[in-house]
Amino acid sequence: MKNEEWKMIEKHAKAWTLEAAELLKASFENTLTITYKSHIADLVTNMDKAIEKFFIEKIQEMFPDHRVIGEEGYGDDIKDKAGIIWIIDPIDGTTNFIHQQSNFAISIGIYENGKGKIGLIYDVGGENLYFAKDGEGAFLNDYELPRLDKASLSEAVIGVNATWVGPNKRINHENVQEIVRKSRGTRSYGSAAIELAYVASGKLDAYMTMRLSPWDFAAGLILLNEVGGIATKTDGKPIQLLEQNSILAAKPGLHEELLGYLIK
Ligand code: 2AM
Ligand code: CA
């Protein structure tokens with residue numbers, strides 16, 4: 001794919017995201033239809049579905065040979081990484097969208113043959129656009145994000161959900177507790193995409209979580225890559241793009257230090 005074509009994809013991805021954000025903001029005036037997916041804390045609204053359909057219609061019209069993976073399942077059934085794939089979360093942080101009308105994002109990662117090309121996370125309430133393009137840097141609105149410096153745990157603010165600090169079946173919570181105690185502080189925002197954007201922009205020094213789907217992390221990984229952030233699974237192994245993964249994203253140095261606590 002040529003540079004010109006990527007410019008075109010970038011232009012449309014940004015414009016559609018801003019348009020979708022307006023639809024989300026306008027929806028605050030209306031009553032949301034809320035349903036449960038797998039359990040009572042796994043929510044989906046009419047707007048999650050409407051925004052995903054909005055993107056899929058635009059992409060199919062403008063780029064008919066591209067494929068789409070969307071959280072709500074209106075995209076393609078994708079088993080391989082060939083060609084151009086848009087990985088879309090129409091609302092990341094649906095619980096926040098419902099309860100707070102803030103701290104939720106539209107997250108879009110565009111990959112070519114499995115390689116991250118364009119990452120876009122729009123914090124709708126904050127009107128902050130995090131954008132990255134392979135080899136061209138990462139931006140917060142018009143501001144180019146600097147490369148991340150090394151950090152150490154004693155000076156770090158870590159994004160982590162309280163779920164992982166108590167007994168759970170996915171990670172030894174005592175290791176997580178040790179990280180929490182030795183850090184400068186912890187935060188939990190309820191949107192994985194925003195938390196990854198915060199690591200990329202230095203607002204968090206690290207973020208860890210035990211189970212994310214491709215649409216939660218696809219855009220964030222591209223942002224992190226442009227600023228020298230490191231992202232693996234919490235056992236240090238590479239993240240698999242089309243699967244659910246645990247995620248440890250951090251500044252250089254700190255990533256290694258955290259792995260030392262997590263792999264014992
Ligand atoms: P979502 O709002 O798009 O579902 C909440 O801590 C973060 O984890 C959100 O980014 C949420 O994304 C994500 N998440 C991933 N899998 C989840 C699940 N099964 N239930 C709730 N949140 C989930
Ligand atoms: Ca979602």
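All figures in this text were calculated on a predicted structure; none of them were measured in a lab. Both ligands and their constituent atoms are indexed starting at 1 by order of listing. Each residue takes its place number in the sequence, starting with 1.
Atom numbering of ligand 1 starts at 1 in the shown order; those under 4.0 Å from a heavy atom of D92 are 1 (P), 2 (O), 3 (O), 9 (C), 10 (O), 12 (O). Near T94, meaning under 4.0 Å from any of its heavy atoms, are these atoms of ligand 1: 2 (O). Using a 4.0 Å cut-off to heavy atoms of D89, the atoms of ligand 1 that qualify are 3 (O). When each atom of ligand 1 is checked for a heavy atom of G93 under 4.0 Å away, the hits are 1 (P), 2 (O), 3 (O). Atom numbering of ligand 1 starts at 1 in the shown order; those under 4.0 Å from a heavy atom of I91 are 3 (O).
To the nearest 0.5 angstrom, T33 atom OG1 is 11.0 Å from D48 atom CG.
Ring orientation note: the planes of H66 and F63 are close to parallel, at an angle under 30° on the 30°/60° scale. Between F104 and F28, the ring planes lie perpendicular to each other; the angle is over 60°, past the 30° to 60° tilted range.
Remark: minimum distance from atom 19 (N) of ligand 1 to any protein heavy atom is reached at R211 NH2, 3.2 Å. Nearest to atom 4 (O) of ligand 1 among the protein's heavy atoms is E71 OE2, 3.7 Å. The protein heavy atom nearest to atom 14 (N) of ligand 1 is D216 OD2, 4.2 Å. With respect to atom 8 (O) of ligand 1, the closest heavy atom belonging to the protein is L212 CD2, 4.1 Å.
Under 4.0 Å is where a charged nitrogen must lie from a carboxylate oxygen, and between E19 and K58 at least one such pair does. Ion pairing of K7 with E136 is absent here, as no side-chain N (NZ or NE/NH1/NH2) approaches a carboxylate O to less than 4.0 Å. Under a 4.0 Å N-O distance rule, the pair K37/E71 qualifies as a salt bridge.
Cation-pi check for K182 over Y261 is not met; the charged atom does not lie both under 6.0 angstrom from the ring centroid and within 45 degrees of its normal. Annotation: cation-pi pair K117/W6 present, NZ/CZ under 6.0 Å from the ring centroid and within 45° of its normal.
Nearest N/O/S atom of D89 relative to the Ca ion (ligand 2): this is OD1. Closest approach between the Ca ion (ligand 2) and any N/O/S atom of E71 involves OE1.
Here N161 has side-chain heavy atoms under 4.0 Å from ligand 1, and that is the only part of it that gets that close. Under 4.0 Å from ligand 1, not a single heavy atom of T95 appears. At a 4.0 Å heavy-atom cut-off, ligand 1 touches A192 through backbone and side chain alike.
There is no protein heavy atom less than 4.0 angstrom from atom 23 (C) of ligand 1. For atom 17 (C) of ligand 1, the nearest protein heavy atom lies 4.0 Å or farther away. Within the 4.0 angstrom cut-off, atom 10 (O) of ligand 1 has one or more protein heavy-atom neighbours.
No option in L241, D76, I78 other than I78 meets the side-chain contact (heavy atoms from CB on, under 4.5 Å) test with I69. Checking L120, I106, I59 one by one against I88, the side-chain contact (heavy atoms from CB on, under 4.5 Å) holds for a single residue, I59.
Here the two rings, on Y130 and F139, have centers that are 6.0 Å apart or farther.
Metal site remark for the Ca ion (ligand 2): I91 contributes an N, O or S atom at a distance under 3.0 Å.
Evaluated by nearest non-hydrogen atom to atom 21 (C) of ligand 1, the leading choice among G159, S191, A41 is A41.
Using 4.0 Å as the threshold, G190 has a heavy atom nearer than that to some atom of ligand 1.
A continuous path of Ile, Leu, Val, Met, Phe, Trp and Tyr side chains, each step under 4.5 Å between heavy atoms, connects V124 with M47, placing both in one hydrophobic cluster.
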